[in-house]
Amino acid sequence: MERLIIFVYQNRAFFTFLALELFCAWLIVENNAYQGTKFLNSSNGAVAAINNFSRSVRDYFELKEVNQMLAEENTSLREELEYRKREVYPQITTPLSDSAFVKKYEFTTAKVVNNHVDFVKNFITIDKGRDAGIAPGMAVISSQGVVGKIKLVSKHYGVITSILHVDVMVSAVLKRTENFGTIQWDGTDPSLVEFKYIPRHVDPVVGDTVITSGYNAVFPEGIIIGVIDEVKLSDEALFYDLKVKLSQDFRKLSFVTVVKNYRQAEQDSLEQVILKLER
Amino acid sequence: MSRGGILQIISFFIYLLYQVLILQNIVLFHTAFCFLYVAYLLVLPVETSPLALMGIGFVMGFSVDMFYDSLGLHAFSCVFIMYLRNYWLNNLTPQGGYNSTDSPSLALNGLQWFMVYAGPLVLIHHSVLFFMEVGGFAFFWFTLWKIITSTFFTLLVILIAQYLFPSRRR
C-alpha cells in the first residue's frame, strides 16, 4: 500500500493529467448526450452578460440590415393582410366547440446574444429564458425561416440548438410536389443543408421551395426552410441527393421568434398511444 | 503574492476576454479559427510545475468552453498540450539552459526557436480540439483543412502579439 502511494506520488503529474482528461471527456459526453450540464454554458448569468455586452457593440454595425429586413417583413405581412381582407369566408353552419378556437401557437421575440456557424455543432444564445415562458423543446424561427430548437434555459437566457448542428433533423416537405423528407446539416457549408429521403419518382428542380411539414408538433406547418440549390441522383440510389440553400442567413441572425405550441403535449400523447398499441 | 503572479492573473483575464469578445467573431472563410488564448499557456514561466500548468490550462480551457458552448472540449485540448509542454521544452533547451523565471517567448530565443516550440503544440491543440468536436474521423479532410488553416492563423496572431507586446527578460 505504501509503495502504491509512493508510486502515485512520484507520477503525480501523469495521474493529474489522466484525472483532468477523464473529467473533460465526461463533460463532453454529458454535454452531447444530455440536456447539457445546467449552469456551465452560455446561458449562465455572468457568461451571458459578457456576451450581451459584446453583442450590443456589434448591434450598431448591423442596424442597417436589420432595418431593411424588418421593412421587408412589414411589406409581406401587409400584403397578406390585404389578401385576407379580400377573401370570402364560407359561413360555418355546424357549431364548433370552444376549444377549436383556442389559439394553438404563441410567439415570443428574442434577441440573439451569441451565435456560431463554423463549428460542427452550433448553438445560439438568446436573451429570453424561463421567465419569458420559454422551455426546452420549443421551436425557434425567424422572419426568414427555421432557426432551431430550444436546448435549455436559465432564468433570463436560453440556448438554441441551431439547424446547423449535425445531429438535428427537421421534418420537411417539398412544397410543389408535397413529398416528405428530412433536413439535416452535413457540417461543412453554413448556407447549405441536405434534404434527404426524397424518392426517385419525384422530380425536384433547382429553385423548389422546402417548408416544414408540421408532422413532429414542434415546428408550425409551412415555415420556409429554403430553396433547392443542387439536385443529384446517382444511378443506383433510392433517394435524391438534394442541397437546400437556407433562406435564413445564419451569420446575420439578430432577432428570432420562439414558438410555443399549446397542443404539442396533446398531439404527442395521442401519438404515443398509437405507438403502444402497434407494439 | 509576488508581482509576477499578479501580472500573470491580469494577463489571464486579458487573454480570455480578448478571445471571447473579439476573436470569437473572427473566423476566416469558415475554416480558419484563431485561438490566441493558447499563447498565454505557452509563455507561462519555464519553472511552473506540471501540476500548476495543467491546472491553469484546465481553468483557461474551461472558461473558454463556457462561451463557446462546447463544454470540456477546450479544457481537454489545453490540459493535453500543458502535459506535453515541459517535455517539449526540455527537448529544446538552448545552450546554457533556462533561467527559472524565463518565459519561453519570442524574446527569449528568437523567432526560429519560438516557431519550433509553439508550432507543434498549437497544431496538437487544434488537432485534438477539432477531431474531438466532430467526434471521430467522419469529415476527415475537411477537419484536417480546418486544423491546418487554423494553426497558421493562430500562429500568425501569436507572433503579431509577441512582437507588439514583447515580454521583457527579467
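Below, read A as the first sequence line, B as the second, and so on, with proteins coming before strands; counting in each chain starts at 1. Please read all numbers here as calculations on a predicted model, not as lab measurements.
Here the OH atom belonging to B/Tyr68 is positioned 9.0 Å from the CG atom belonging to A/Asn114, to the nearest 0.5 angstrom. Atom SG of B/Cys78 is separated from atom CD of A/Glu21 by 9.5 Å, given to the nearest 0.5 angstrom. Summarising the geometry, atom CZ belonging to A/Phe119 is positioned 6.5 Å from atom CZ belonging to B/Phe130; distances are rounded to the nearest 0.5 Å. Summarising the geometry, atom CZ belonging to B/Phe58 is positioned 12.5 Å from atom OG1 belonging to A/Thr16; distances are rounded to the nearest 0.5 Å.
The shortest side-chain heavy-atom distance between B/Pro50 and A/Phe17 does not fall under the 4.5 Å cut-off.
In the displayed structure, B/Trp145 atom CH2 is contacted under 6.0 Å by at most 12 heavy atoms of other residues, nucleotides or ligands. Residue A/Phe107 qualifies as enclosed at atom CZ: its count of foreign heavy atoms under 6.0 Å is above 12. Annotation for A/Phe7: atom CZ does not count as buried by contact number, only 12 or fewer foreign heavy atoms lying within 6.0 Å. By the 6.0 Å contact criterion, NZ on A/Lys111 is enclosed, its count of non-hydrogen atoms from other residues, nucleotides or ligands being greater than 12. The number of heavy atoms from other shown groups lying within 6.0 Å of CZ (B/Phe152) does not exceed 12. In B/Tyr18, the OH atom is not crowded: 12 or fewer heavy atoms of neighbouring residues, nucleotides or ligands sit closer than 6.0 Å.
For chain A, the nearby part of B/Leu51 is the side chain; its heavy atoms alone come within less than 4.5 Å. A/Phe23 touches chain B through its side chain: at least one heavy atom from C-beta onward sits under 4.5 Å away, while N, CA, C and O do not. With a 4.5 angstrom heavy-atom cutoff, B/Phe80 touches chain A via backbone and side-chain atoms both.
Shortest non-hydrogen contact noted between B/Lys146 and A/Asp118 is NZ-O, 3.0 Å. The two atoms that bring A/Cys24 and B/Ala75 nearest to each other are SG-CB, 3.5 Å, heavy atoms only.
Residues that satisfy the ring pair (Phe, Tyr, Trp, His ring centres under 6.0 Å) test with B/Phe153, not counting sequence neighbours, are absent from this structure.
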